[in-house]
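Taking it in order: structure first as C-alpha cells, then the write-up.
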Amino acid sequence: MADHRHRAGRNYAGPWRRTPGRLIGTGLVRFYQLTLSGFIGNSCRHLPTCSEYAYEAIARHGLWAGGWMGLFRFVRCGPGGTHGLDPVPERLERRYVWYLPWRYWAISRKQMEKTAP
C-alpha cells in the first residue's frame with residue numbers, strides 16, 4: 001500500500017478560490033520566491049516570511065485585500081519594524097472594505113495584541 005503523506009509546502013496549501021486576480025497575485029509572489037528571493041537573502045523577521053504571508057493573504061482574501069496586507073507587512077518588516085509570529089487572519093472584519101485600504105495596516109497590530117502574553 002502506498003504512503004500518501006501530505007508534504008508541507010512553503011506556501012498556503014488550504015482551500016481557496018482560484019479566481020483570476022488570486023491566480024495572478026499568487027503567481028507574482030511565487031515568481032518572486034523562485035527568482036529574486038535568492039538574491040535578497042533570508043532576512044525576514046516574521047514567521048511566516050513576508051512572501052509566504054503575501055501568498056496566503058492573496059489566496060484567502062483576494063488580490064486587492066491580500067495585496068494591501070502583503071504590502072503593509074513588507075513595510076513593517078523593515079528596519080525598526082515589528083518581528084515575531086504574524087499569521088494571516090482567517091476572516092476579515094466588516095470594517096476592512098476595499099475603498100479604505102489603509103485600514104489593512106492595523107491587522108498585524110491586532111494579531112500581535114491577541115497573541116501577547
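Computed from heavy atoms alone, side chains included, the values below leave out hydrogens, waters and symmetry copies. Values in this document were obtained by computation on a predicted structure and should not be read as measured data.
The closest side-chain heavy-atom distance from Leu92 to Tyr104 is below 4.5 Å.
By the criterion of side-chain heavy atoms lying less than 4.5 angstrom apart, applied directly or through intervening Ile, Leu, Val, Met, Phe, Trp or Tyr residues, Phe39 is not grouped with Tyr32; the two fall into different hydrophobic clusters. Both Tyr55 and Leu23 sit in one connected hydrophobic cluster of ILVMFWY residues. Membership requires side-chain heavy atoms under 4.5 Å apart, directly or through other members. No single ILVMFWY cluster, assembled from side-chain heavy atoms under 4.5 Å apart, contains both Leu36 and Leu34. Side-chain heavy atoms closer than 4.5 Å link hydrophobic residues (I, L, V, M, F, W, Y) into clusters, and following such links, possibly through other members, connects Val75 to Tyr96.
Note that Arg76 lies in the cation-pi zone of Trp105, set by a 6.0 Å cut-off to the ring centre and a 45° limit from the axis. Under a cutoff of 6.0 Å and an axis angle of 45°, Arg18 and Trp16 form a cation-pi pair.
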Checking Leu63 against Thr19 for the side chain to side chain contact (heavy atoms under 4.5 Å, CB included) test, could you report, in this order, the C-alpha distance in whole Å, the side-chain angles of both residues, the deciding distance, and whether it holds? CA-CA 9 Å; Leu63 181 58; Thr19 60; over 6 Å; no

Could you walk me through whether Tyr12 and Arg60 pass the side chain to side chain contact (heavy atoms under 4.5 Å, CB included) test, one step at a time? CA-CA 9 Å; Tyr12 178 68; Arg60 284 182 185 253; 3.4 Å; yes

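Counting all heavy atoms, side chain and backbone alike, Arg22 lies closest to Ile58 at CG-O, 3.4 Å. Pairing each heavy atom of Ala54 with each of Gly70, the nearest pair is CB-CA, 4.1 Å.
The line from CE of Met69 to CZ of Arg103 is 15.0 Å long, rounded to the nearest 0.5 Å. Note that the CZ atom of Phe74 and the OH atom of Tyr53 stand 14.5 Å from one another [nearest 0.5 Å]. For the atom pair Thr49 OG1 and Asp86 CG, the distance stands at 11.5 Å (nearest 0.5 Å). The distance from atom SG of Cys50 to atom CD of Gln33, rounded to the nearest 0.5 Å, is 11.0 Å.
By the 30° and 60° cut-offs, the orientation of the rings of Trp64 relative to Trp98 is perpendicular.
The only option from Glu52, Arg73, Glu56 that meets the side-chain contact (heavy atoms from CB on, under 4.5 Å) definition with Val88 turns out to be Glu56.
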